[in-house]
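Worksheet for the structure shown next.
Counting starts at 1 for both ligands and their atoms, following the listed order. Being a predicted model, the structure only gives us computed values, none of them experimental.
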Amino acid sequence: MSTEGFNPFKMAQQQFDAVAKKLNLDQATCDLLRFPEREYQFNIPIRMDNGTYRVFRGFRVQHNDARGPAKGGIRFHPNETIDTVRALAMWMTWKTAVVDIPLGGGKGGVVCDPHELTLHEQEQICRGWVRQIVRNVGPLQDVPAPDVMTNSQHMIWMLDEYEKITGIKAPGFITGKPLGLGGSLGRTEATGYGVMYTVREALKHLGIDIKNTTASFQGFGNVSQYALDLYTQMGGTAIAVSTWDPKEKRAITFRKKTGISFQELIGITNKFGEIDKEKAKDLGYEILDGTAWIEQEVDILVPAALENQINKDTVQLIKPSVKIIAEGANGPTTPEADEVLKAKKIHVIPDFLCNAGGVTCSYFEQVQSNMNYYWTKEEVLQKLDQKMTSAYHSVLDLAIKKNEYMRDAAYMIAITRVADAVRLRGWV
Ligand code: GLU
């Protein structure tokens, strides 16, 4: 899903290289960790509803499975590329390591635009994806989950195809399943809530009362929706949200300076997280440019859309009022922008820590699926809060102790854990 001239895999490697150097990591470990262990690319031929055939390109990258089965979502996006999937798989390895769950890192994708596909066609893509990769994924090998433009319906189609082919019931093969079919309570909320658990801790660290804060969000998909919901429940005031306008094919920002009501906004949002512009105007929202979300005079920015959103150009638009950037998206900030944020002393909660709530709850879902015994929502969210809070504090403590930028401290913890695992296994 790379934008012009931007290569997310190069960025992920650049971030890794910088920290590997600080850690004095040996050459073989670096060589092992800066590339995926395995990757698969394949065709998915589909009979469309009008009787014609189309071939979609599918990917699965397993970056590292030293700490447990590879784990990570599957994205449906027209601009998906192998390098995007490689980067995201690598970030999954650091994500599962920083929250210390027994899983590795993987990611998958299909080049397609669900806006233009019927549900039946999407089902064929899901089933076709599983048929192509069935030998190389599974509860003990590699466990997919939802991501950009995929949801629990896609996951259950994939699980069903997997179970049909293997002839067994294997609910641990996939996470983000529907409730009642192996899904976990709290999984839908988990990523967004996890973002806000880390924001709550960051505000405590900075000595700021959440009730006196304002925030601006980029994106209004699964992550941003629940992050905004919990933020307002905790007493914060959300004033802006930017989303994709499918009609004009550009991003736009919705602003309400008196504070956005989650219930009101969700009522005019479609399943892709796109907000109805006309209805928003009627409800008193100002409609601004796509980049306006980053230019708001707020305390907290929550980029929760795609990668490469805070880059060397847009970083200049950030107002001095901003104290925290909570990265709900994967890879939203480029290394050039990081240098500016460091200089401005903004407290960045890095992506693979900030948005780890999703995969942490996926892990809980696997545990419940394997036991075939399901916890209450309170139990799930309480365990999630505990995991996220403790991971945040481990990173913060190291950042303070070594005077490191939060992203680098998170990388130091994650890379050390994975490097120890590959060494203990005798791989390098
Ligand atoms: N797609 C989510 C992520 O990027 C969740 C992955 C998972 O649950 O495995 O973290």
SB check Lys10 Asp17 (cutoff 4.0 Å): no

Between Phe364 and Trp375, ring centroids under 6.0 Å: yes

Tyr411 and Trp94 aromatic ring geometry - parallel, tilted or perpendicular at 30°/60° bounds: perpendicular

Summary of ring-ring contact (aromatic ring centres under 6.0 Å, His included) pairs that have at least one residue in residues 139-185, sequence neighbours excluded: Phe76-His154, His154-Trp157, Tyr162-Phe173

No-hydrogen, no-angle side-chain donor-acceptor test under 3.5 Å, Glu39 and Gln62: no

Gln296 vs Thr214 side-chain heavy atoms within contact, under 4.5 Å: no

Residue contacts for ligand 1, heavy atom to ligand atom, distance under 4.0 Å: Lys71, Gly72, Gly73, Met92, Lys95, Lys107, Ala145, Pro146, Asp147, Arg187, Asn330, Gly358, Val359, Ser362

